[in-house]
2 protein chains.
Amino acid sequence: MSPSPATDTRTRIVRTAMDLFWEKGFNSTSIADILSRSQLNSGSLYHFFPGKQDVLIAVLEAYRDGIYPMLIEPAWRGVRDPIARIFALLAAYRAMIVESDNSYGCPIGSLALELHEPDPKVRELLAANFDAWTGAIGRCLEEAGDRLPPDLDHRELAEFVLTTMEGGVMQARTHREVGYFDRNVRSLRTHFAMLEQLAKAERVAAGVGRSARRAPLKTGQKRGR
Amino acid sequence: MSPSPATDTRTRIVRTAMDLFWEKGFNSTSIADILSRSQLNSGSLYHFFPGKQDVLIAVLEAYRDGIYPMLIEPAWRGVRDPIARIFALLAAYRAMIVESDNSYGCPIGSLALELHEPDPKVRELLAANFDAWTGAIGRCLEEAGDRLPPDLDHRELAEFVLTTMEGGVMQARTHREVGYFDRNVRSLRTHFAMLEQLAKAERVAAGVGRSARRAPLKTGQKRGR
DNA sequence: TGGTTGCTTGATTGACCGCTCAACCAAGGC
DNA sequence: GCCTTGGTTGAGCGGTCAATCAAGCAACCA
């Protein structure tokens, strides 16, 4: 029926640590901070976790496991269009920025930059969190089908969306102004609009005559139409 | 002739602190770390700086003042084309990533995310560093003239370039793979290519009625690699 | 009833933290 | 010669850090 008291204590530690690591960072959060806020004693914490590092690992696992139910699914509620979903997720971040008085920082991004010599397990979990995020975006891109150019690298674009979020959050937080986030999202919107335009033109060209073979739009010189 | 010993000591502290903050972060760097590496005693440090926070401020000022001579100008040496300069700067970051065995982190970005409640002076200096960076990019964009759409928001795009760098660095570092940085740069290249394509189409449309007035097409102004 | 197990208690440890300060030193002015 | 000024020395302060551990506790079991 009720969860075992063990689990209860363990999750209380993890949840408290999630909050504190997000608020003050990993290094600036002391075990004493976690204990006082969670109303526990050091012995209890060290009964479940060998050390502070292991609390961090549990926190990163919790983020990874919570990314869909806690972040992505709520952001996508009522939004079906795959490309709209991408911007709905970004809008969720915007809301968090505003709610935090423009001091929001992505917990994963902050940890990724704060921890300078993370042990392999920690680094893998940070990467896994990013992968989960870009994976969700990647699925949207696939679902978008021929609205995007057929030779588009979905992984690349998904990572670019993550970059936009992280960069926007970082700048908005540093300047304490959402405008920085908004402008980054606007740039990404332009990017998508141009890609969709391109795909559309290609579809038209392919429909008109199959001889119209477009050179892949890459770096440097473009074939003049 | 020789610089006064006072300046000498001060800059030795600042330079050592720059290295250490970059290597281990601000919170994980102790005053003792700075002292032992710079071969100084605590009294000397506290003669010049009231506290650790003030060392950080001096470090951020040094970054801000050094961004042109130490980072941007070297990256632009031998590159004249304004858009090529943007990607030359990104290439400089790529080199630093590779040189550091894929563990490079932008010192400003890392500090911006590590310091969760920075005092106003610190926050302003972080912002000033970003402004100097985007300012340099912004000037490139203006110089690019009508190669980019006339209604383009230069500030927005400059911030987007910064975002690409920071996001690319963050992901490359987290995954310990330059590929993440490269793919982000590739996305940005696509973005610029599409913008240039757009501007070109617009110029053609506007110039249809007139005969001679073409865009200044200097020889060798092909965009650089 | 007494033993075992799983969890909790909180004082305590030693290392390290940022920072202080009285004493010291060398060079310049008078 | 002696004082002032600007810089240096390094032992040491009070505090905080992550982590320890002997003792206690309640629930279940034999």
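Below, all heavy atoms of this structure are taken into account, side chains as well, without hydrogens, waters or symmetry copies.
- Across residues 111-119 of chain B, not one residue has a non-hydrogen atom less than 4.0 Å from an atom of DNA chain D.
- Proximity of B/Leu162 to A/Gln171: side-chain heavy atoms (C-beta onward) are separated by under 4.5 Å at one or more points.
- Counting only heavy atoms from C-beta on, A/Asn41 has its side chain closest to C/dG10 among C/dC19, D/dT9, C/dG10.
- One finds no side-chain N or O of A/Tyr46 lying less than 4.0 angstrom from the OP1 or OP2 phosphate oxygen of D/dT20.
- When the side-chain nitrogen and oxygen atoms of A/Thr9 are compared with OP1 and OP2 of C/dC7, none of them lie within a distance under 4.0 Å.
- Each of A/Phe26 and B/Gln39 lies near DNA chain D, and the nucleotide nearest B/Gln39 is the one positioned closer to the 5' end.
- Nearest to the side-chain atoms of A/Phe48 among the listed nucleotides D/dT9, C/dG18, C/dT8 stands C/dT8.
- Remark: P of D/dA19 and CD1 of A/Ile34 are 10 Å apart, rounded to the nearest angstrom.
- Residue A/His47 places no side-chain N or O under 4.0 Å from the OP1 or OP2 atom of C/dT8.
- Within the structure, ring-ring contact (aromatic ring centres under 6.0 Å, His included) pairs that include any residue of residues 148-167 of chain B comprise A/Phe160-B/Phe160, B/Phe160-B/His191 (at least two apart or interchain).
- Every residue two or more places apart in sequence or in another chain that forms a side-chain hydrogen bond (donor to acceptor under 3.5 Å, both in side chains) with A/Asn27 is listed here: A/Glu114, B/Ser28.
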* To do: Summarise protein proximity over nucleotides 12-17 of chain C in one line of letters, 5' to 3': B for base, S for sugar-phosphate only, - for none, counting protein heavy atoms closer than 4.0 Å.
  => -----S
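- The nearest whole Å value for the distance from the CG atom in B/Leu45 to the P atom in C/dC19 is 9 Å.
- Checked against the 6.0 Å centroid criterion, the rings of B/Phe130 and A/Tyr180 do not qualify as a close aromatic pair.
- Note on residues 152-169 of chain B: pairs passing salt bridge (Lys or Arg N to Asp or Glu O under 4.0 Å), not counting sequence neighbours, are A/Arg183-B/Glu159, A/Arg186-B/Glu156, B/Arg155-B/Glu159.
- Between the CZ atom of B/Phe49 and the C1' atom of D/dG7 there is a distance of 14 Å, given to the nearest Å.
- With a 4.5 Å cut-off on side-chain heavy atoms, A/Met165 and A/Leu89 do not count as touching.
- Taking atom CG of residue A/Asp8 and atom P of nucleotide C/dG6, one finds them 18 Å apart after rounding to whole Å.
- A/Leu40 places none of its side-chain heavy atoms less than 4.5 Å from the side chain of A/Leu45.
- What separates CG of A/Leu35 from C1' of D/dT16 is a distance of 14 Å, to the nearest Å.
- For the salt bridge (charged side-chain N to carboxylate O under 4.0 Å, His left out) test, no residue two or more places apart in sequence or in another chain qualifies with B/Arg80.
- The structure places CZ of A/Arg189 at 12.0 Å from OG1 of A/Thr164, a figure rounded to the nearest 0.5 Å.
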